[in-house]
Q: 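Below are the C-alpha cells for one structure; questions will follow.
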Amino acid sequence: MTTILKLDAVSRVHGEGATEVTALNAVTFTASAGELVAVMGPSGSGKSTLLTLAGGLDSPSSGTVLVEGADLATLGNQGRARLRRTAIGYVFQDFNLIPALTAAENVSLPLELDGVGVAKARAAALVALGQVGIPDLADRFPDEMSGGQQQRVAIARAVVGDRRLILADEPTGALDTETGEDILRLLRLRCDEGAAGVLVTHEPRHAAWADRVVFLRDGVVVDESGGTSVDALLDADRV
Amino acid sequence: MIAGWRLPLRIARRDALRAKGRSILMLVMIALPVMGVTAADVLIQTQDVSSVESLDRRLGTEAAAKVSYGGERVGRQEQGLDPDSGASGGDVGSMPPPTLATVLAALGGERRGIEVGGSYLSVKTDKGSVEAGGTEVDLEDPLARGLFRLEDGRWPRNADEVVVNAALAQRGPGLGERIRFKIDKSLGGSGTEVERVVVGIAESASVKDWGQVAGPRGSVPLPVRPDASERYWLIGGGPVTWDDVLKLNALGALVVSRSVISDPSPAALAADRALTGESGIDDATVTVAILVVVMALIEVVLLAGPAFAVGARRQARPLALIAASGGTPQQARRVVLATGLVIGTAGAIGGVVLGIAGAAALNPILQRSNGSWFGPFEVPWPHLLGVALFGLISALVAAVVPAWIASRQDVVAVLAGRRGDRRPSARSPFIGVALVGAGIALAALGAGQRQTTSASFIALSAICCVLGMLFLVPVVVVGFARLGRRLPLALRFAVRDAARHRTRTTPAVAAVAATVMGVIAFGIGTSSDEARNEATYVPSLPMGSASVGADDGSGDPVAWGPYVDAVAAELPDARIDQVRGIPYVGPGGISTSIGFTGPDDTPLLSSFSSNLGSGVYVYDGDLPEFIAAIDGFDAAAAEKTLAAGGAVVFADDDRPVRAVDITVESYDQNGMTDEETTAGEKNVPAIAFDLRGRAPGTGIIPRAMAKRLGLGVTTVGLVVNGATISKAQQKDIDERLNSLSPSGFLYVERGYQTPPDIWLVQLVLGGLGAILMLGGTLTATFLALSDARPDLATLSAVGAAPRVRRGVAAAYALAVGGIGALLGVVIGFVPGIAVTYPLTSQGWQTCSAQSCFSSSDFQPDHYLAVPWLLIGGVVVLLPLLCAAIVWVFARSRLPLVARLS
C-alpha cells in the first residue's frame, strides 16, 4: 500500500522552562492509502496535536512529517496551505462550517481557495454532497441544518476534489449514536475508495471502524493494534 | 485578481447581513461623516451663486449684457470673463466716460439699451429709519424683465410711484401707502427726503431680506456724482461676443456678457486666465488641507476601528477554518478587508444619498433664514465622489489592522476554542516614542516658522503625535491593567479586559485621545489668542467712562446740543464734557492727518484707540478729564507745556522728548482734487508721556498752534463721566442718538470683552469633542460588553449581582474615556503650544525712513494660556458622563451563553 502520511520521530514541545509541556514525544506513525487508522488515548495524550501536525497547521519541534512523500517542513506556509487545499481534508468534532456560506459553498471552499471557478467548484461540491447523501441541502446555510447534516457537509468538504488524506478529530462527538455511525460509515467508505484516514476518538466502538488503532499516552505511542480485526475490537468493547 | 476577491467578498457580504447590529454600527461610523460632509458641500454649493447662475439676477432674463463704468474720466479696461471676478484698468483716465450711444455704436447692429441706477437709501419706517437699496429703472421695459418679480399691485408708471419688496413693506410703508426716503450726504446724495407712492410689492432677483425700493427714472434721487452710485446699461439684441467686450473695454467700460460667461471662447478663457491667474490657493493652504483631511481620516478610522476589530474577532473561527481548508494568510486578510470594502461601499453610497437628502430637506429652512437667494439646488458630483472615496478608504483602513492581526492568528488555538492572538511586537512602544518625538520636533520647527508654513508643520506634528500615540496606547492600557490589582472588581475586570482585547481597545482609546488632542490643541490656541487680545487691548477711555461720537465722515459741523440732551435724559447725574480737537474730516470733506515725530524723525506712537472724531485734541485752558485720568499722564506738567505754547505727545516708550516735528497733510476726500496740502512746524517744544497700550490719541496741541497750522478746531465728541452705565441704559441712549443721526453712537469703556463668537467656538468645540468622545467610548464599551458576554454570564452564574454587569460596563467606559482623555491631553499640549507661536507672535512693526521699532519692544514674544477648565472638563467630567450614560443604558441581566459561541 502507498504511504500517504508518515510521521517520523516527531516531537512537539509547547512553552519553555517551567511551563514546558511535551505534547508528542518521538512519535512515529503512518497511514496508507485505503487505510483508516484510529488514534485513541486519554485527554492531553497528544491526539489532536498529532492531527494538527499531520495537517501542517502546526510544525514539529523535531522529526519529520511527510504527506505523499513531501516533507511539510520544506514546503513553507504557502506550500502547506496548498497541500491542505488539494490533498488533506479536515473533519472536526463541532462541524466548523462557515456560517456565512451555504452547504455547497462550504464544501467548495478549498477548491475556490485554490482558484477553481465558482461553477466548477460548485459542481464538485454537489458531487461530494451526493456522496454523503445530502445533495438536496446544497443551498442551505449551516444554521438551517441538523448536527448530523452539518457533519456530513464537513465530510463532503474534507473529501471534495479527490483528497487523499482525511484527518477526523472526534467527528462524532457532538452527534447521537445513529448519526455518528452514519458518519463513520462514510469515512470508512472514503478510505475503501483509496484515501488514507486518521480518526481521533475516545470511543473503542468508533475505533472498531478502523483498520488499525494507535494508542497514545503522554505524547508517546504506547500500543498499536496492528492486525486486530474490527470485530475483535468490538467484542472487546462489549466485554 | 478579481477571482481572488470573489470568495472573501461573498463571505463579507453574508457576514454583514448576518451580524446586522455590528454592521449597522460600522455603517453609521462610516456613513455619518460622509453624510455630514455631503450635506454641507451640497448646501454650500447651492448657497454659492456662480457667475453663470447669477446672470439672470444681474442682467434680468432678456438683456444680452450689462455695461458699466466708473468715474468722470476713464481709461482702457482689462477684464476676465466676469468683471466682478477680475478686472483691472482705470476708473481714472484721460477719456470721457462712455455713453449709451457710444456703447451701442461700438456694438453695432440693431440694439437698444436702458439705463439702471442704484444707491443706498435711508427709508422712513414705522419705528424710525432703515437702510435699503434703491434702483432706478423702467421696470415695464422688456430689457428690465427678471430684475424684479412683481408679487402684488402693479409696476410704477411715473416718477412718483415705486415698488418695494416684502422685507421693506413689513417694516413700514406697504402697498398703496406713501414712502419717504433720502440718500444721505455721506453717500453723495442730496440728503433731501422725497415722498413716493408704493404701487406694487416686487421681489429683487438677488436680494431677499434687505429692503428694496425700485421705480422709473426720477423716482429715486440718485447722487449726481457718477462714482457715488451704481449706474449701468442693460443691452438687448444678439449675443455680445468677446470681441465686443474688448471694444467696450477700450471705451473704458466693463461688460457682463451672457454669452461670454455661459459659453466662453478660447480667447476669452485665455484672457481670463492671464488676468485672474490659475488658482488663488497657495501650496501651504493645500498642504494644510491635505493634512486636515488625513487627520479627519485617522479620526474616522479610529472611531470605526473597534467595530472592525470585534468583527474580525468574530470571524476568527471561520478564518481558522479557511486556513484549515488551505487558505493562505493573504486570503484570510482579504476576508476581513472585504468587510471593509462591503461596509465602506455601503456606507459611502448611503452617506452620500442621505447627505443629499438631508441637504434637500435643510435647504428651504436655511433659505428662510438667509438674506440672499440661494442658487439652484446643486449636487457637486465630483466633490461627492471624493467624499464617498473618503468613506470607502476610511472603512478599508479601519479594516487593515484587524485583517493583519486576523491573518496572524494561531489557527490551532482558535480551532481548539482558545484565543489565537499573537503577542504584540516589542518594538511598538519604541516606534510610538519615536513618532511622538518626531511630532514634538515638527511642532518646535513649526513654532519657529513663518505663519504660512508653520501651519503645515504643526498639522504634520499632530498627525505624527496621533500615530505615535496609536503605538503607545497598548502599553498604557496594559500599564493600567497592571496597576488595577487593588481596584474594585468592576474596574479591575474592565481594565484587564481592555488590556486582553487590545485590538479592540486600542482604536477606541486612540479615537478618544485624538479627539481630546484636537480639542486641547484648539483650546490652547484660542485661549492664548484671547490672552493676547486681552493683553494688547487699548482702552479708549478710563474704565466706566463713555463717549459719544457722531462723525459721519462728511465733515459737516455737528450740533452737539441735542446729543448732550439725549445723554442727560438717561443719565441726569453724569458729567458730560465736550471734547475739542482737530477732526479727521473738516468742512468741505477735507481730510487732515497730523503726525508727530520725535528726535531723529522716529515715530513716537504705534497705535491708539479713540471713538471720538479725532486723534489730536486741543487745549483751551483745561485738559479733557478722560486724558488727565490716564495712568502715567502728568496733568500738571502737560498743562504747563501747553500753556507755554508747546505740544503734548503720546509715546510707546519713555524716551526723553523735548521737541517734536509736526506734519499736517490735508486732502479733499471727495476726490474733487488730487492735490495734497502739507504744512507743519519743526522743533516744537513738547513733552512726551509713555502711554504704551493706553493712548487715547496722538497728542494735544494748544488752540494757538492749531490756528498757526491752519487747522479748524471743533467739538469732536462728548465724554461722559461720573455715571455707571448699564447695557440697558446704553441701548436706550443709542436709540436716542440714532434718531438724531445714523452716525450717533455711545461707547462705554468696559475693558476687554471676550467676543461672543469665541464662547460659541469654544462651546461648539467642547460639544463636538464631547460627541466624538462619547461616540468612541460608547461604541467601544458596548462592543466590549457584547464580546464579554460569556464572561459576564459566567460572572452572574457564580452569584454576581445584576448591578455588577452595569458596574463593569460603566467601568469600561471610564477606563476607555479616562485613559484616552489623559493621553489626549498630554499629546494635545504639543501642537497646542506650537500653534500659539504663529497665532500670537507680534508680527507688526512701525517704521519710518530711518528706523523701525517693533511692538515686541514692550509686549511678550508670544502668549500661552492653558484652558484648565476645559481640560478638567475633558479629563474628569466627560469620562464620568460616559460612564454614567453606560450605567443607565447597560442591561443588567444576561442569559448564560456557551463560551465558544
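Treat the numbers as computed from the prediction; the structure is a model and nothing was measured. Residue numbers start from 1 in every chain, and the chains themselves are labelled A, B, ... in the order their sequence lines are given, proteins ahead of strands.
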Q: Verify the distance criterion only: is there a donor paired with an acceptor across the side chains of A/Ser48 and A/Asp169 at less than 3.5 Å?
A: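 On atom types as modelled, these side chains qualify, holding a pair under 3.5 Å.
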
Q: By side chain to side chain donor-acceptor pair (under 3.5 Å), which residues pair with A/Thr201, not counting sequence neighbours?
A: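 So A/Thr201 forms no side chain to side chain donor-acceptor pair (under 3.5 Å) with any residue.
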
Q: Regarding A/Tyr90 and A/Thr52, is there a side-chain donor-to-acceptor distance under 3.5 Å anywhere?
A: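 No, no side-chain donor-acceptor contact under 3.5 Å.
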
Q: Non-hydrogen atoms of chain B under 4.5 Å away: do they reach the side chain of A/Leu97, the backbone, both or neither?
A: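 Interface part for A/Leu97: backbone (N, CA, C, O).
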
Q: Can you say whether A/Arg157 sits under 4.5 Å from chain B via the side chain, the backbone, both, or neither, judging by heavy atoms?
A: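 Contact with chain B involves the side chain of A/Arg157 alone.
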
Q: Between A/Pro99, A/Ala87, A/Gly56, who has the most heavy-atom pairs with chain B when the cutoff is under 4.5 Å?
A: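 Between A/Pro99, A/Ala87, A/Gly56, the count favours A/Pro99.
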
Q: Using non-hydrogen atoms and a 4.5 Å limit, figure out which bit of B/Ile322 sits close to chain A: side chain, backbone, both or neither.
A: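 Its backbone and side chain both get close to chain A.
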
Q: Quick one: do the A/Ser108 and A/Glu105 side chains pair a donor with an acceptor below 3.5 Å?
A: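 Note: A/Ser108 and A/Glu105 side chains miss the donor-acceptor criterion.
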
